[in-house]
Every structure is written in structure tokens, then in C-alpha cells.
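Worksheet: the structure to be examined is printed underneath.
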Amino acid sequence: MDRYEPGVIEEKWQRRWADARAFEVSNDPIQPKSYVLEMLPYPSGTLHMGHMLVYTIGDVVTRFRARNGMHVLHPQGFDSFGLPAENAAIREGVHPRISTERNIDAITRSYRRVGWAYDWPRLTSTHQPDYYRWQQWQFLRFLERGLAYRKAAPVKWCPNDQTVLANEQVKEGRCERCGAEVESRLMEQWFFRITDYAQALLDDLETVDWPESIKARQRNWIGRSEGAEIQFRIDELDEDIAVFTTRPDTLYGATFFVLAPEHELVPRIDSDEVREYVRRASAKKTAERAAATEKTGVFTGMHAINPVNGERLPVYVADYVLTDYGTGAIMAVPAHDQRDFDFARAFDLPIRQVVKPPDGDVDESVAYVEHAEGEVLVNSSDYDGLPAPEGGRRIVEALAADGRGGFTVNYRLRDWGFSRQRYWGCPIPIVYCEACGMVPVPDDQLPVHLPEIEDYKPKGVPPLAQAEDWVNVACPSCGGPAKREVETMDTFVDSSWYFLRYCDPQNDAAPFDSAVVDYWNPVDLYIGGVDHATVHMIYARFWIKVLNDMGMVGFREPFAAFFSNGWVTLGKSKMSKRAGNIVGPDDFLDRYGADACRLNILFLGPANEDMEWTETSVEAMNRFVRRLWSVVNEVVERAPAGEPEGGALARKAHATIAKVTDDIGRRFAFNTAIAAVMELVNELSKDRAGADSRFAAETAVSLVQPYAPHVAEELWERLGHERLWESPWPVADPALLEVDTVEVVVQVNGKIRDRLQVAPSVAEDELVALARASEKVQAFLNGGDAARVVVVPGKLVNFVL
RNA sequence: GCCGGAGUGGCGGAACUGGCAGACGCGCGGGACUCAAAAUCCCGUGUCCUUCGGGACGUGUGGGUUCGACCCCCACCUCCGGCACCA
């Protein structure tokens with residue numbers, strides 16, 4: 001027998017697959033179809049074990065579904081624009097285009113080496129003009145519908161990356177990418193009107209097959225809360241100011257009124273003290289503001305009229321009120337809100353209780369914020385004595401009748417700010433004309449190419465502004481002097497529709513053909529890390545809903561099912577470039593081959609949970625593959641050909657087929673499927689020349705193919721067959737799943753006392769008689785008999801005394 | 001604070017619908033092969049007790065339901081993750 005040499009057989013089979021175009025699929029609408037997709041990578045470094053995991057999961061599912069008769073689309077590409085790629089380029093000191101394309105080449109070579117089954121001709125990178133051209137085209141459609149707009153707003157600014165960030169890119173007040181503390185700046189920016197879709201994004205979560213934890217995150221993120229909007233009059237400004245509250249029942253308890261420092265009416269307050277406070281507040285970092293323990297603020301000298309009772313409430317400006325939640329203004333009810341309570345204490349403002357708890361007692365050192373059964377309103381005029389929820393309802397109804405308020409729903413979700421002051425991104429196809437104002441670039445002038453420039457580094461103003469030849473253009477409308485938009489799009493725009501382009505990547509008349517996209521989509525299984533669960537996956541859902549409203553796609557949700565893979569950890573922290581604890585697969589691919597590495601990453605543990613990387617487990621998988629190799633080769637030499645005889649080994653093989661099919665097909669339990677094949681190989685190794693050995697060997701090879709496709713193809717060929725990748729998945733014979741004897745457990749009072757080998761068909765009374773006859777059981781029955789006998793056929797007999 | 005998830009041998013984990021706890025693998029112990037080692041193969045491996053037949057205990061803690069609970073219910077502890085001055 002020849003030695004197992006992974007390098008040789010892997011190269012051989014990768015060439016065969018390429019020559020046979022094994023994983024390239026047509027767009028013919030063949031059913032059943034399956035679109036298997038993993039989140040596309042940033043080409044910002046080399047492969048690591050995290051990639052190894054995600055793409056191997058997708059590959060196993062792809063190969064499994066293909067052999068189960070499905071027309072499977074499994075494409076790949078690169079999220080090659082944006083901060084990750086650009087920052088990598090700056091680190092390497094090369095132009096982003098050079099660095100990106102170099103990385104793409106390197107990563108693609110690694111991919112091929114692992115033997116992942118991709119439809120390579122569909123490979124798409126988002127920095128390619130024929131990709132971003134259609135993104136610009138879609139942006140213009142969003143613009144026409146008012147779903148893309150430009151406005152001045154307080155935005156999150158990363159002082160390190162020198163760009164605006166979306167809310168979704170800020171974690172705990174820090175830039176998601178570089179960790180710098182984020183500042184608030186008032187800037188004119190581009191936004192997508194995702195808030196129009198807040199309710200749809202929430203509702204349609206019911207229609208997708210995603211892990212509950214991921215749905216919960218999105219619900220958290222969207223942050224729906226029901227309440228009321230109420231108008232307070234400020235005579236000094238001659239304005240009605242709206243507040244949002246979830247507690248209209250506490251309206252009679254309002255004793256002051258607060259505006260966020262960024263509230264649009266604050267600049268109209270003529271007060272040096274207020275101006276000074278606003279200046280200091282805006283200088284604070286976002287995280288600093290959130291962490292403040294002491295409440296600060298300043299009295300404006302103005303008063304707001306409480307619409308229910310005409311009380312004049314002093315108006316403060318304080319930074320504990322956030323500009324980007326609700327209306328940026330609040331009615332303050334210190335008795336029933338801890339933050340208002342703290343402020344009232346600090347500024348010596350009155351605290352008036354209006355909700356009485358059921359037991360009547362209140363701890364006056366804190367706000368009473370419960371929602372207990374039996375609470376009633378007090379100090380609330382006509383509403384006194386009403387249960388709090390009902391009182392709140394009536395108060396809002398009364399306000400609505402006066403046109404001073406009404407029920408409303410508020411969302412935490414903000415519009416998606418998508419313009420970036422960076423070079424490496426999709427140009428926004430807009431021109432500013434001195435005469436015509438903002439003018440969209442006409443479709444037939446797309447794409448607006450990203451120009452090559454020398455100095456692309458971030459410096460606070462968009463680098464494109466310096467590309468004068470590019471910036472200065474003739475207005476598409478009047479032909480007069482005009483300037484291009486110099487900001488670029490967030491990379492999350494690129495990743496909001498890439499999976500549609502994969503379906504029709506060569507299309508040069510449209511972003512995609514709707515019929516083709518509607519055939520393949522929605523994605524049947526989307527695989528990726530939980531870190532994109534609230535950002536990318538909300539944006540993509542929004543994008544698809546808009547395209548659906550435009551009639552461009554026939555579905556409302558992009559990802560019908562989602563598998564959230566765990567993180568590969570080393571020393572218990574996530575393996576990542578940032579943590580500096582990356583173990584690359586290349587070394588292991590050299591030492592053990594692709595098959596052992598692929599098996600290993602899925603055998604480490606359940607793929608949807610974090611898994612600690614260990615080197616010894618790759619060695620174990622290497623042992624397993626070599627064992628499979630030697631056992632099967634010996635079977636080829638020694639075992640007789642012909643029909644299996646249906647003995648114990650054949651039965652084991654059929655049981656393994658059933659187990660592996662269920663584990664991969666239904667449970668995504670990739671680790672236990674491998675364990676089942678190991679069991680089969682262990683059995684086979686004890687009987688390498690029997691009548692059933694050849695069948696067992698073929699079964700083991702066939703079942704391990706999604707994980708270890710190269711060695712499986714090679715052994716399959718040696719067993720006298722060909723093209724395992726397109727051979728039908730084995731089917732378990734129900735007759736052979738029946739076993740000839742089963743072990744029945746005999747319990748006395750629930751404790752196991754004996755085990756019997758019986759035919760599965762044995763009658764219940766006969767089984768009980770057999771069990772009762774057992775000496776061991778007799779010893780525990782103490783001469784008496786059971787008060788009750790529980791029988792589970794084929795499983796157990798329990799004598800209850 | 002609100003929301004989601006998880007606690008099982010020395011370790012990673014298995015037990016899918018309430019019915020044999022610890023599959024499979026790692027590690028460890030013993031043995032075979034070898035001058036020796038590596039590799040490979042075989043046997044053993046939850047804890048405690050044992051007259052070696054077996055027995056008792058055992059899935060974070062305390063209760064409950066059930067003939068029977070890792071699994072269901074109640075309360076709690078610990079850990080991980082998301083959101084959070086969100087009105």
C-alpha cells in the first residue's frame with residue numbers, strides 16, 4: 001500500500017474539479033435549488049482559523065446539498081472597499097488598490113488550496129467599477145424615492161480614522177474598527193432613511209429561520225417603545241416643543257423640562273451661560289457623557305407650559321438628555337425617573353409623587369419606577385384613583401382631543417449615515433452646481449470612477465477633494481461649472497446587495513436580472529459571525545425591502561435561514577488581527593493537508609459555539625485520515641466484491657448513514673457527524689476482509705466526503721467508482737436500521753438492576769416475565785412484587801414497589 | 001437595569017421527542033512491536049467503597065412534577081454575550 005500523501009492527492013483532485021467545472025452552476029431555474037452563502041471577507045490580511053471555520057461549514061453544506069440532488073449556488077467574493085482594506089493598505093504603506101488586489105490574489109490561492117467548492121467565475125470584488133457602477137445606480141433610485149438624503153446632523157466622528165461613523169459602527173462610545181473614543185460633530189451628511197422601515201424590520205423577523213439570540217439582538221437594536229408624544233408650549237420662543245414619553249401617566253408629576261444641548265432650538269436661546277454649557281458638553285466624548293455620575297445642566301430662564309394643568313416648568317439644558325433619541329427634549333418627572341430624580345436633587349427642584357404603589361409606601365431616596373399591579377394615580381386632578389395605565393391612556397386621549405399630543409411609537413434605530421470622509425470607497429454620484437444645486441449624475445454617465453490619487457491618507461477633509469481634475473466637472477444639467485461629491489460610501493452599502501450580484505455578476509445592463517435573482521433568492525442558508533448580526537444584516541434587510549418596494553426583487557427578506565458560527569479562540573479570546581493571536585492555517589495545511597484541517601475545525605466543538613483552538617486536535621484528525629486511508633486501502637486489497645450480506649457491519653453502516661444525514665442535513669451538528677464516521681471506521685478496522693467490509697468502506701468514504709473531499713475522492717476511485725462529488729448521497733435502508741436484538745434496561749424503583757438482550761418484537765407481557773425472572777431483579781424485589789410496572793417497548797421495564 | 005445564551009469526567013464535548021449519563025476525540029496509565037526511540041496497534045480510564053460478585057454516589061445550588069429528570073417547572077448562584085443617562 002502506498003503512503004498517504006495529502007499534498008499529492010489534494011492537487012490531483014483540485015485539478016479534476018477545476019477541469020470538470022464541478023461547482024459552477026447555471027442560472028437555469030432547476031428545482032430544488034439552494035443558495036448557500038457565507039459572509040464575504042475583507043481582503044485585509046491572510047486567512048485565519050475563523051475563516052477556516054465559516055467557509056468549511058458552507059462547503060460541507062454545499063457538497064451535502066449538491067449530492068442530495070439540489071442545484072446549489074455557492075459563490076464567493078471580497079468586501080474590498082472601505083476602512084478595513086484601506087487601513088490595511090496604510091499599514092503596508094502601499095496604495096489601497098495595490099494592497100487590496102495583492103491580498104485578493106493571496107487569499108484566493110489559499111481558498112483553492114483548502115478545496116472549497118466555489119463557483120469561481122462568479123467571484124466579485126466590491127471595488128471593481130462594474131460592481132460599484134450598479135451600486136451608484138441603485139443609490140440614485142433611493143435618492144429619487146427620498147430614501148437617500150443629505151442633512152446637517154450631529155454625527156459620530158472617529159478622530160483616529162478621520163471619518164464619520166454610523167451609529168452601528170460605534171461600540172460603547174468607541175470606534176468599532178480602531179477603538180478610538182468617538183466625538184460628536186455637527187456635519188452635513190448623507191443618510192439612508194432606514195427608520196421608515198423600522199416596523200417592517202421588526203415584524204419580518206417573525207418570517208425568518210434565525211437563531212433566537214440573533215433576532216433578539218436586532219429587536220434590541222431597533223428598540224421599539226410605545227408611548228406618547230406631547231406638545232409643551234414655550235412662550236419665550238413662541239414654539240411648541242414635542243417630547244416623547246413612555247409614561248404619560250406621570251404627566252402631573254412633571255416639575256421641570258429639559259432640552260438636549262444639541263436640540264435645534266437651543267441656539268436661539270440668548271444666554272452666555274447656555275452657550276458656554278453647550279460648548280463644554282459638545283467637547284465631551286460620547287463615552288464620557290454616558291459615564292458621568294453627576295448630573296449637569298443650566299437653567300435657560302424660560303418656562304414650558306404643561307398642557308394638562310398649565311403649570312410653568314423651568315426649562316433646563318442638560319446633557320443627560322440625548323439628542324438622538326425621542327425628540328431631544330423631555331418632560332422631567334423626578335418622582336418616577338431616576339435620572340430626573342438625580343437632576344432634581346442636584347438643582348433643588350421639586351419632586352412630586354403621582355403614582356402610588358399598591359402598599360402605599362415609597363422610599364423617598366430614589367425614584368419610584370415600578371410597574372406594579374394595583375398602582376393608582378394621585379395628585380393628578382380628575383385622574384386621581386385611576387389605575388396608572390388607564391390614567392395614562394385617558395390623559396393622552398384628552399391631550400389628543402386638544403391637539404396637544406397623541407399615542408406614538410418611538411424607535412431607537414437612527415437613519416443610516418453612510419457618507420465617509422475617506423478615499424477607498426464607492427464615489428457618491430452627485431455633482432454640486434453653482435446654478436442648479438445638487439444634481440444626480442445621469443445613469444448613462446455611470447460609473448463615477450474612483451480616481452487614482454497620490455495622497456489618499458485620511459486627514460479630516462475627504463482626500464478626493466484634492467483631486468481637482470476629477471472634482472471639477474461640467475454640470476450634467478446646465479453645463480456650467482460644478483464640483484463632484486467628494487465623500488464616499490460606507491462599505492456596508494457594498495455588502496448590502498453583493499449576494500444579488502453574485503447571481504448575475506456579468507450583467508452590464510442592470511445591477512442584476514430580476515428573474516435570476518428571484519430564482520436563487522432568498523439565500524437558503526447564510527453563514528457568518530455574530531458580530532455582523534446587528535450591522536450588516538440590518539442594512540441588507542433594509543436594502544432588500546426597498547428593492548422589493550421598487551419591484552426589483554420579489555422577496556422581502558434576503559436571508560431565509562442564518563447559521564451563526566462561533567468564534568475560534570486562542571487563550572479564550574477571539575482569534576483576530578486586533579487581538580494579535582492569529583494562528584494561520586497555512587502551516588497546518590503544509591503539515592497535515594487540507595482534509596485534516598477541514599475535519600479539525602468542525603470537530604473542535606459545535607460550530608455555532610466558540611471553540612478553543614488546540615494543536616493536538618489537528619494531529620488527531622491527521623491520525624483519523626491516515627487510519628481511514630490504511631483501512632480502506634486494505635479493504636480494497638482484501639475484501640470480496642459483491643452485495644453486502646446485511647451483517648453487523650452493514651447495519652452499522654446504515655445507522656451511520658442515517659445519523660450523518662440528519663446531523664448535517666437538519667441539525668448542523670458537524671462535530672457529531674464526524675464522530676459517527678469515526679465509529680464506523682473503528683468497526684470496519686476490526687473486520688477488513690468480510691462480506692460487508694467493502695460496503696462499510698464505501699459508506700465511510702462517501703459520508704466523510706463533505707469534510708475531507710480530497711481523500712474521499714481518491715479512496716472512492718480506488719474502490720472502483722468515480723466522481724464522488726456528484727454521486728448521490730447514500731440512503732439508509734430502513735430494514736437494516738432494524739436491529740435483531742435490543743438491550744432492555746430493567747429498573748427497580750427507577751434504578752437499573754439488569755440488562756436483557758431481547759428481540760425488538762418481543763411482546764410486552766413476555767418482556768415483563770423475562771425481567772421479573774432476572775435473579776438480580778429478584779434480589780431487589782425482596783420477595784414481594786411490584787405495585788406497578790412501567791414498560792417502554794424496546795427500552796426498559798421499571799418495577800415500582 | 002432590560003434582553004439573549006451557557007454551566008456535564010483531567011480537557012474539548014455526546015446524550016436529538018422525559019427512558020442505558022460521559023458517544024467520539026484529547027490527555028493519562030498499562031501492554032505489544034523495537035537494541036532503543038518515533039510511528040502504529042491492543043487494553044484500561046467519572047468519583048468513592050468492594051469479600052472483585054458487585055454496591056453507593058454523580059450533569060452549578062436548593063426545591064418541585066414524574067414510575068423515571070442533564071432534559072420540564074419554581075427559586076437562586078456563576079460565567080459569557082447584546083443594548084443602555086433610550087425618557
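Values reported hereafter were calculated over all heavy atoms of this structure, with side chains retained and with hydrogens, waters and symmetry mates removed. Protein chains get the first letters and strands the later ones, always in sequence-line order, with residue 1 at the start of each.
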- prompt: Out of B/rC85, B/rG13, B/rC41, which nucleotide sits closest to the side chain of A/Arg627?
  reply: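 Nearest to the side chain of A/Arg627 among the choices is B/rC41.
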
message: Please pick, from B/rG19, B/rA87, B/rA15, the nucleotide with the shortest atom-to-atom distance to any side-chain atom of A/Leu796.
response: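 So the nucleotide nearest the side chain must be B/rG19.
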
Counter-base of [N], judged by Watson-Crick or G-U geometry with both distances under 3.5 Å:
N	answer
B/rC16	none
B/rG10	B/rC26
B/rU66	none

- prompt: Taking atom types as they are modelled, is there a donor-acceptor pair under 3.5 Å from the base of B/rC67 to the side chain of A/Asn798?
  reply: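 Under the 3.5 Å cut-off, the side chain and the base do form a donor-acceptor pair.
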
- prompt: Are any side-chain N or O atoms of A/Lys156 and backbone N or O atoms of A/Gln169, one a donor and one an acceptor, separated by less than 3.5 Å?
  reply: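 Flag not set: sc A/Lys156 to bb A/Gln169 has no pair under 3.5 Å.
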
- request: Could you tell me whether a side-chain N or O of A/Arg412 sits under 3.5 Å from a main-chain N or O of A/Trp221, the two making a donor and an acceptor?
  value: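 Yes, A/Arg412 side chain to A/Trp221 backbone: donor-acceptor pair under 3.5 Å.
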
Look at [X] and [N] and indicate whether a side-chain polar atom (N or O) is within less than 4.0 Å of OP1 or OP2.
X	N	result
A/Asn682	B/rG25	yes
A/Arg217	B/rG81	no
A/Arg219	B/rG82	no
A/Arg623	B/rC26	yes
A/Arg224	B/rC83	no
A/Asn671	B/rA14	yes
A/Arg788	B/rC67	yes
A/Arg412	B/rA84	yes

Say you pick atom [atom1] in [N] and the same atom in [M]; how far apart are they, in whole Å?
N	M	atom1	value
B/rG1	B/rG27	C1'	44 Å
B/rG31	B/rA37	P	12 Å
B/rC2	B/rC85	C1'	14 Å
B/rA6	B/rG54	P	39 Å
B/rA21	B/rC57	C1'	13 Å
B/rG62	B/rG13	C1'	28 Å
B/rU78	B/rC33	C1'	50 Å

message: Check this for me, if you would: do A/Glu206 and A/Arg219 make a salt bridge, where the nitrogen-to-carboxylate-oxygen distance has to be below 4.0 angstrom?
response: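 Here A/Glu206 pairs with A/Arg219 in a salt bridge, since their nearest N and O are under 4.0 Å apart.
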
field: Near-ring test A/Phe347/A/Phe256, centroid separation under 6.0 angstrom
entry: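 Not under 6.0 Å, so no.
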
query: Of all heavy-atom pairs between A/Asp415 and A/Ile194, which one has the smallest distance, and what is that distance?
result: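 Taking A/Asp415 first and A/Ile194 second, the nearest heavy atoms are OD1-N, 3.1 Å.
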
With heavy atoms under 4.0 Å as the rule, sort [X] into base, sugar-phosphate or nothing.
X	answer
A/Leu322	base
A/Leu604	sugar-phosphate
A/Val321	base

message: How many whole angstroms separate atom CE of A/Met611 from atom P of B/rC26?
response: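 Rounded to whole Å, this separation is 18 Å.
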
- prompt: To the nearest angstrom, how far is A/Ile214 atom CD1 from B/rG81 atom P?
  reply: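 The distance from CD1 of A/Ile214 to P of B/rG81 comes to 15 Å, rounded to the nearest Å.
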
task: Might you confirm whether atom CD of A/Glu212 has over 12 heavy atoms from other residues, nucleotides or ligands at distances under 6.0 Å?
output: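 Atom CD in A/Glu212 is crowded, with more than 12 foreign heavy atoms closer than 6.0 Å.
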
message: Taking the nucleotide of RNA chain B with the nearest heavy atom to each, does A/Ala676 or A/Ser685 sit closer to the 5' end?
response: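 Nearest-nucleotide comparison on RNA chain B picks A/Ala676.
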
